[in-house]
Amino acid sequence: AVTATTASPGSVGCVRISYAKSVSDRTYPWVFAYGRGRQTTVSVNHTVTLPSGVTATDIVLLAFHYSGLGAPTVTPPAGWTSFGSSLGVEVNGDYFYRTGPGGGTFVTSSSELSSHLIVVVRGGSGTPAAAVAASAGSTIDGPNLNPGSVVKRLWLTFGGIRALGTYIVT
């Protein structure tokens with residue numbers, strides 16, 4: 001669980017992501033790089049820049065959290081696919097992935113503050129398995145994922161909290 005003692009009521013959920021590989025493969029998916037960014041003035045345009053070194057076979061995960069009162073929509077640039085979203089009281093989250101390089105500008109339907117976390121996974125493949133849940137208060141504890149068959153997995157958890165007017169992605 002992620003806790004912020006100064007959070008306003010209405011933090012937003014978590015996503016646990018899993019990339020499975022065959023047990024015959026001797027490698028595991030792993031985090032190659034990560035990055036983050038913030039939009040500190042309200043805007044409909046939110047620029048995401050990827051860390052350097054992303055290759056065509058890397059899986060890029062994006063946790064995009066925004067103020068979102070009134071549940072605005074988020075439109076990603078070409079090449080990004082949504083794999084979940086959650087609505088909180090004061091913070092919303094949308095989660096996207098893509099294969100290979102390519103940041104871009106995410107557009108919200110109303111002017112918002114935002115923050116995002118990017119995780120670049122090497123050695124994974126396919127669509128991330130995700131579970132999303134909204135939470136209220138100052139603790140974020142994501143939902144469980146069923147690991148299914150016995151395969152090699154990388155588990156990640158993302159969450160967003162509004163603390164003293166700042167949106168924090170962890």
Side-chain angles (χ1 to χ4, degrees), residues 2 7-19 29 31-122 124-136 140 142-143 145 154-163 165-170:
V2 177
S8 62
S11 45
V12 71
C14 288
V15 177
R16 289 197 175 131
I17 300 161
S18 171
Y19 277 103
V31 174
F32 165 73
Y34 66 91
R36 66 178 105 183
R38 292 189 317 167
Q39 176 68 44
T40 57
T41 57
V42 293
S43 178
V44 296
N45 297 311
H46 308 267
T47 302
V48 171
T49 304
L50 300 187
S52 62
V54 176
T55 67
T57 58
D58 290 337
I59 305 296
V60 181
L61 308 170
L62 172 70
F64 180 80
H65 293 102
Y66 53 98
S67 47
L69 297 175
T73 58
V74 178
T75 304
W80 289 91
T81 301
S82 173
F83 65 92
S85 64
S86 89
L87 300 176
V89 176
E90 292 185 19
V91 182
N92 297 326
D94 280 88
Y95 306 95
F96 300 93
Y97 76 97
R98 68 172 294 123
T99 302
T105 300
F106 288 71
V107 178
T108 53
S109 59
S110 58
S111 292
E112 307 293 341
L113 298 171
S114 70
S115 65
H116 62 270
L117 176 68
I118 300 161
V119 177
V120 180
V121 176
R122 256 201 196 148
S125 62
T127 303
V132 180
S135 59
I140 298 174
L145 283 176
L154 170 66
W155 297 87
L156 301 169
T157 302
F158 299 129
I161 297 173
R162 182 175 182 208
T166 302
Y167 294 85
I168 302 169
V169 178
T170 57

**Item:** 4.5 Å side-chain heavy-atom contact, P51 and V120
**Value:** yes
**Message:** With heavy-atom distances below 4.5 Å as the criterion, would you say the side chains of V121 and L61 are in contact?
**Reply:** yes
**Message:** My understanding is that only residues two or more places apart in sequence, or in another chain, count here; which of them pass side-chain hydrogen bond (donor to acceptor under 3.5 Å, both in side chains) with T41?
**Reply:** Q39
Run the side chain to side chain contact (heavy atoms under 4.5 Å, CB included) test against [X] and tell me which residues pass, sequence neighbours left out.
X	answer
S109	P72, T73
S111	V42, V44
T105	N45, T47, V107

With salt bridge (charged side-chain N to carboxylate O under 4.0 Å, His left out) as the rule and sequence neighbours excluded, what pairs involving [range] come up?
range	result
residues 99-111	none
residues 55-64	D58-R122
residues 73-85	none

**Message:** If you take the centroid of each ring, where Trp contributes its six-membered ring, are Y95 and H116 closer together than 6.0 Å?
**Reply:**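 Distance test on ring centres: not under 6.0 Å, no.
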**Asked** Between CZ of F64 and NE2 of H46, what distance do you get to the nearest 0.5 Å?
**Response** 4.5 Å
**Prompt:** What's the spacing between F106 CZ and D94 CG if we round to 0.5 Å?
**Reply:**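 Going from CZ on F106 over to CG on D94, the span is 9.5 Å.
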Exercise answer: donor-acceptor pairs, residues 74-82 side-chain atoms, under 3.5 Å, sequence neighbours excluded:
| residue | atom | partner | partner atom | Å |
| --- | --- | --- | --- | --- |
| W80 | NE1 | G102 | O | 3.3 |
| W80 | NE1 | G103 | O | 3.3 |

